[in-house]
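A short worksheet on the structure shown next.
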Amino acid sequence: MKIINHKYDLAKNIDKVKVQYGEKPSVLTDQLLELRGELFSYFGEALFNDLKDSEEQFVAWGKKNGQLAVQYEVPLDMALNSTRYYRIVLWDFIRNEINNEKFSVETVLKAASIIDPLLDETVHSFSVAYVENNNRVLGLAREAIEELSVPVVRLTRSVAVLPLVGTIDTHRSKLIMETSLQKCTELQIEHLFIDLSGVPVIDTMVAHNLFKVINSLKLLGVKVTLSGMRPELAQTVVSLGISFEGFSIAGNLYQELEAMGIAQHTK
């Protein structure tokens with residue numbers, strides 16, 4: 001019970017220990033003091049309560065404070081480093097109590113078997129909050145990159161261009177299929193130019209998928225023109241036995257657009 005009664009004193013001692021280790025003390029707001037005191041209170045309760053109930057409390061505390069650390073953009077290494085001070089402060093307090101009360105070795109070992117695993121569980125759940133946040137941010141970034149990697153750009157009311165740049169793997173070819181069909185339908189595109197001049201290499205599987213995209217667009221009534229096709233890609237297409245029927249090929253996108261009257265006019 002003494003841990004619970006002294007929880008705020010223990011919370012304040014964390015900054016004293018930080019200073020001893022050459023770190024700057026935290027700005028001890030009422031919120032921070034309450035959060036620290038809450039954890040020390042859980043430690044005091046854990047020595048007497050059911051272990052399962054205590055685990056749930058520590059996991060909830062770790063997750064809640066991990067989310068707060070993410071919200072205030074506290075670096076993970078700095079946040080995790082601060083958890084060791086809870087262990088130091090708590091065991092300093094227990095050591096003093098052992099000397100004063102003459103606790104048995106068995107009692108001390110039992111306390112250690114409860115306190116240390118619970119603190120480790122807290123650190124784990126604290127870290128999970130960072131992992132979940134990073135996964136969310138990476139997911140949003142991936143979605144943004146994928147959207148930018150298949151840009152259907154409208155040139156006129158019914159004409160658009162899909163400039164492809166970089167390597168096209170199986171995942172991206174599937175994305176090209178989904179996005180081009182969706183965008184051409186939304187924008188009511190009648191003629192789509194797929195420019196491949198920025199694509200260095202296309203393997204046989206991707207070439208096959210690319211022509212599946214063309215056939216699907218044809219079913220929607222969209223005329224397709226391939227431009228910037230490299231000789232290597234043309235050889236791959238021929239080796240696959242893919243027919244060039246149903247779509248046109250342009251060596252240069254600019255010249256093709258100029259022939260259609262879609263070009264920049266200078267005064």
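Sequential numbering from 1 along the given sequence is applied to the chain's residues.
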Would you say [X]'s side chain and [Y]'s backbone share a donor-acceptor pair under 3.5 angstrom?
| X | Y | result |
| --- | --- | --- |
| Thr185 | Leu181 | yes |
| Arg154 | Leu187 | yes |
| Thr179 | Ile176 | no |
| Trp61 | Glu56 | no |

Ignoring hydrogens and angles, state whether a donor on the side chain of [X] or [Y] is under 3.5 Å from an acceptor on the partner side chain.
| X | Y | answer |
| --- | --- | --- |
| Arg36 | Ser26 | yes |
| Asp195 | Ser227 | yes |
| His191 | Thr225 | yes |
| Trp91 | Asn96 | no |
| Gln182 | Glu178 | no |

Straight-line distance of [X] [atom1] to [Y] [atom2], nearest 0.5 Å:
| X | Y | atom1 | atom2 | answer |
| --- | --- | --- | --- | --- |
| Ile94 | Lys2 | CD1 | NZ | 12.5 Å |
| Ile4 | Tyr42 | CD1 | OH | 11.0 Å |
| Asn49 | Ile114 | CG | CD1 | 10.0 Å |
| Leu196 | Leu226 | CG | CG | 5.5 Å |
| Ile3 | Lys7 | CD1 | NZ | 12.5 Å |

Are Ile14 and Val19 linked, directly or through other ILVMFWY residues, by side chains that come within less than 4.5 angstrom of each other? no
Using the side-chain contact (heavy atoms from CB on, under 4.5 Å) rule, take Val224 and Ile194 through it: C-alpha gap first, then chi angles, then the decisive distance, then the call. CA-CA 7 Å; Val224 178; Ile194 301 179; 3.9 Å; yes
Is the distance between the ring centroids of Tyr86 and Phe40 under 6.0 Å? yes
Are Phe58 and Phe43 near enough that their ring centres are under 6.0 Å apart? yes
Check this for me: Lys18, atom NZ, are more than 12 non-hydrogen atoms of other residues, nucleotides or ligands nearer than 6.0 Å? yes
Counting neighbours of CD on Glu186 that are heavy atoms of other residues, nucleotides or ligands and sit closer than 6.0 Å, is the number greater than 12? yes
Whether Lys12 and Asp9 form a salt bridge (side-chain N of Lys/Arg under 4.0 Å from carboxylate O of Asp/Glu) is what I want to check. no
Let me see the working for Ser173 and Val213 under side-chain contact (heavy atoms from CB on, under 4.5 Å), right down to the final yes or no. CA-CA 9 Å; Ser173 63; Val213 173; over 6 Å; no
Reference residue Tyr85; test side-chain hydrogen bond (donor to acceptor under 3.5 Å, both in side chains); the match among Gln20, Lys16, Glu23: Glu23
Using the salt bridge (Lys or Arg N to Asp or Glu O under 4.0 Å) definition, which of the options Arg84, Arg87, Lys110 pairs with Asp116? Arg87
Run Glu190 and Arg157 through salt bridge (charged side-chain N to carboxylate O under 4.0 Å, His left out) and show every step you take. CA-CA 9 Å; Glu190 298 174 4; Arg157 186 191 64 78; 3.6 Å; yes
Find out whether Arg172 and Met177 are in side-chain contact, i.e. whether some heavy atom of one side chain is under 4.5 Å from a heavy atom of the other. no
